[in-house]
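When a ligand or atom number is given, it counts from 1 through the structure's own listing order. Note that the coordinates shown come from a computational prediction; the quantities given were computed from them, not determined experimentally.
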Amino acid sequence: MLNNTIAAISTSLSASGIGIIRISGEDAINVGDKIFVSKKNRKLVDQKTHTIHYGNIVDPKNNQIIDEVLVSVMKEPNTYTKENIIEINCHGGVIVMQKILHLVLENGARLAEPGEFTKRAFLNGRMDLSSAEAVIDIINAKTNLSLESSVSQLKGNIYREIKSIRSKLLELIAHIEASIDYPEYDYDELSEDLVKNNLGTIKKRIEKLLNSVDDGKIIREGIKTVIVGKPNVGKSSLMNALLNEDRAIVTDVAGTTRDVLEEYMNIKGVPLRIVDTAGIRKTEDIVEKIGVNKSKELVEKADLIIMIIDASTELTEEDQYIFNLIKDKKTIILLNKIDLPVKITEELVNKEVENTKVISTSLINRKGLDDIEKAIKDMFLIGDIDFNDNLYITNVRHKLSLENAIDSLDAVNNSIEVGMPEDCWSIDIKNSYDYLGEITGDSVNEDIISQIFSQFCLGK
Ligand code: GDP
Ligand code: ZN
């Protein structure tokens with residue numbers, strides 16, 4: 001299968017400045033020569049690696065010129081896939097790109113599956129599996145911070161840490177095996193305490209990676225922020241003010257925001273995924289009811305709640321209901337509409353909910369926005385999440401493998417406790433070693449590999 005030569009359009013399919021058709025495999029350069037006529041009439045096979053050539057794509061069936069192009073020749077092994085690669089840079093029109101791709105497919109290549117270029121890079125040993133997955137994340141990255149984390153994963157930070165943990169496990173296995181095979185081997189060296197201590201240290205390192213999962217999720221998906229408040233307090237206005245554009249519909253009619261709106265934004269370096277909900281209140285309107293239930297669900301799952309109160313009216317039962325709903329969450333409370341005569345003070349709110357940041361705002365005048373952004377920054381950037389530590393596990397598959405690796409280590413400890421023989425210990429240590437290997441791709445089966453690469457988009 002690896003001998004097949006594959007091709008795909010590597011750039012966005014929408015009209016853009018240039019388009020790239022990428023061909024990889026044994027025959028890539030020959031395929032290029034069948035359809036490319038260089039201005040200097042030279043064959044691509046005769047060219048040096050990593051050179052670019054100017055000419056036309058010509059249909060060999062009728063000698064019709066399809067497009068004027070630049071063709072890059074990259075010869076194995078120093079390429080993305082470690083195979084011969086040709087990249088045809090054409091004018092980005094969709095029809096032109098598809099015509100050229102079609103010609104390429106007629107002349108000896110087959111259409112690449114999604115992610116197949118990167119899969120080949122992995123199978124040919126150019127990158128480990130966590131790096132390959134980082135390529136998916138980079139393609140899908142939604143915030144700058146997320147992009148940085150993926151890039152560092154791509155550079156192999158996680159790979160290096162896991163490799164180092166695995167080598168410790170291997171040492172331990174070797175140690176145990178040696179003591180089994182050579183009973184005269186000094187048994188003191190393999191005291192149970194020594195094994196336990198080593199396992200303890202290793203477990204801590206795996207746990208540290210595991211603990212980064214939630215932070216990793218926050219970085220990749222943004223801090224899940226939900227704006228709550230009864231109808232008409234200014235939720236959509238906040239959303240708009242933060243976005244600085246009029247995406248959400250602002251109206252005077254209570255309960256107009258029926259659909260949940262979601263936006264990604266970057267607040268002073270903190271990635272937020274922010275949701276505006278239908279007003280939470282008791283309602284007979286069925287559409288609104290659905291929105292209200294959804295809000296409750298969203299509140300439960302949120303990392304951060306921004307509750308808005310209308311300062312120009314008295315607190316109501318609905319406000320009390322919301323206070324109750326959010327009492328265990330990380331919350332910022334906005335006292336909005338302070339441009340109007342004020343009936344509620346920060347002191348009063350603080351009596352209702354202790355230890356919660358309260359900010360007075362007048363959102364229609366964009367007043368208080370800076371304080372909101374600063375509060376978010378203080379909460380997340382200076383808080384528990386250290387955004388400069390680059391070892392983030394952001395991937396569910398990695399998380400499962402780490403959990404399994406820890407379970408196996410716990411099993412070893414159990415075996416030691418109940419006095420099982422040493423060869424039982426090493427089986428579980430070996431399991432732990434294999435689970436970690438799933439992350440780097442050192443011990444992973446074909447199904448998992450196919451599943452991972454199917455998440456890629458075409459042409460990558
Ligand atoms: P939502 O239902 O909570 O999403 O509230 P909206 O953002 O749709 O706002 C409801 C109404 O309150 C609109 O007429 C806004 O112009 C108005 N409003 C929002 N913020 C303020 C404010 O700070 N001061 C005043 N006076 N009116 C505001
Ligand atoms: Zn609204």
Side-chain angles (χ1 to χ4, degrees), residues 224-265 267 272-300 302 304-326 329 331-350 352-353 356-376:
K224 196 161 186 196
T225 308
V226 175
I227 305 175
V228 296
K230 64 189 180 194
N232 243 17
V233 292
K235 296 183 296 297
S236 305
S237 305
L238 173 66
M239 189 88 160
N240 289 343
L242 288 175
L243 276 171
N244 213 358
E245 60 180 49
D246 284 341
R247 281 288 304 277
I249 314 153
V250 183
T251 59
D252 287 322
V253 186
T256 331
T257 314
R258 293 196 173 166
D259 287 325
V260 174
L261 267 175
E262 192 176 69
E263 292 284 353
Y264 286 87
M265 55 187 89
I267 306 286
L272 291 195
R273 183 160 56 127
I274 198 161
V275 174
D276 174 20
T277 60
I280 293 181
R281 63 164 183 172
K282 297 185 194 98
T283 172
E284 293 308 309
D285 182 324
I286 204 74
V287 181
E288 274 195 15
K289 249 186 191 154
I290 295 166
V292 170
N293 284 335
K294 188 121 194 244
S295 313
K296 278 205 241 173
E297 213 180 290
L298 285 166
V299 166
E300 275 159 30
L304 170 68
I305 307 284
I306 301 179
M307 175 183 176
I308 308 183
I309 297 170
D310 183 345
S312 70
T313 60
E314 309 278 350
L315 282 180
T316 63
E317 215 179 285
E318 291 159 309
D319 292 309
Q320 296 294 350
Y321 175 79
I322 297 170
F323 283 143
N324 202 40
L325 201 65
I326 62 175
K329 308 294 288 188
T331 305
I332 297 173
I333 293 181
L334 306 186
L335 216 42
N336 191 33
K337 309 198 185 182
I338 52 162
D339 51 292
L340 301 176
V342 166
K343 301 229 167 92
I344 307 172
T345 59
E346 292 190 16
E347 290 71 43
L348 188 74
V349 175
N350 266 320
E352 299 289 337
V353 275
T356 302
K357 178 91 184 160
V358 182
I359 300 170
S360 294
T361 63
S362 168
L363 291 172
I364 47 162
N365 300 312
R366 304 182 62 84
K367 230 189 124 214
L369 277 181
D370 272 354
D371 294 333
I372 299 170
E373 295 189 348
K374 191 174 170 304
I376 293 171

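Close N/O approach between V233 and ligand 1 is found [any backbone or side-chain N/O within under 3.5 Å]. For ligand 1, none of its N or O atoms has an N or O atom of L340 under 3.5 Å away. Backbone and side-chain nitrogen or oxygen atoms of P231 are examined, and none is located within less than 3.5 angstrom of a nitrogen or oxygen of ligand 1. Note: no N/O pair closer than 3.5 Å links T361 and ligand 1 by distance alone.
Annotation: the span from I338 atom CD1 to S360 atom OG amounts to 5.0 Å, rounded to 0.5 Å. Here the straight-line distance linking atom CD1 of I274 with atom NZ of K224 works out to 12.5 Å at 0.5 Å rounding.
Shown in contact with S362 at under 4.0 Å from a heavy atom are these atoms of ligand 1, numbered in order with element: 23 (O). Within the listing of ligand 1, atoms 22 (C), 23 (O), 24 (N), 25 (C), 26 (N) sit less than 4.0 angstrom from a heavy atom of D339. For ligand 1, the atoms lying closer than 4.0 Å to a non-hydrogen atom of K235 are 1 (P), 2 (O), 3 (O), 4 (O), 5 (O), 7 (O).
Looking at G368, S237, A311 and measuring to atom 9 (O) of ligand 1, the nearest heavy atom belongs to S237.
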For the pair K235 and I227, evaluate side chain to side chain contact (heavy atoms under 4.5 Å, CB included) and give the outcome as yes or no after the intermediate values.
CA-CA 6 Å; K235 296 183 296 297; I227 305 175; 3.7 Å; yes
Test log, rule side chain to side chain contact (heavy atoms under 4.5 Å, CB included), inputs I309 and V233:
CA-CA 6 Å; I309 297 170; V233 292; 5.9 Å; no
Would K230 and T316 satisfy side chain to side chain donor-acceptor pair (under 3.5 Å), going step by step from the backbone distance to the final call?
CA-CA 9 Å; K230 64 189 180 194; T316 63; 3.2 Å; yes
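Heavy atoms of I364 found under 4.0 angstrom from ligand 1 belong to the backbone as well as the side chain. If you look at I308 next to ligand 1, there are no close heavy atoms at all, none under 4.0 Å. Only the side chain of N336 comes within contact range of ligand 1, with a heavy atom under 4.0 Å; no backbone atom does.
Checking D310, I308, L363 one by one against K337, the side-chain contact (heavy atoms from CB on, under 4.5 Å) holds for a single residue, D310.
Counting all heavy atoms, side chain and backbone alike, L335 lies closest to A311 at CG-CB, 3.9 Å.
Proximity of K357 to I333: side-chain heavy atoms (C-beta onward) are nowhere separated by under 4.5 Å.
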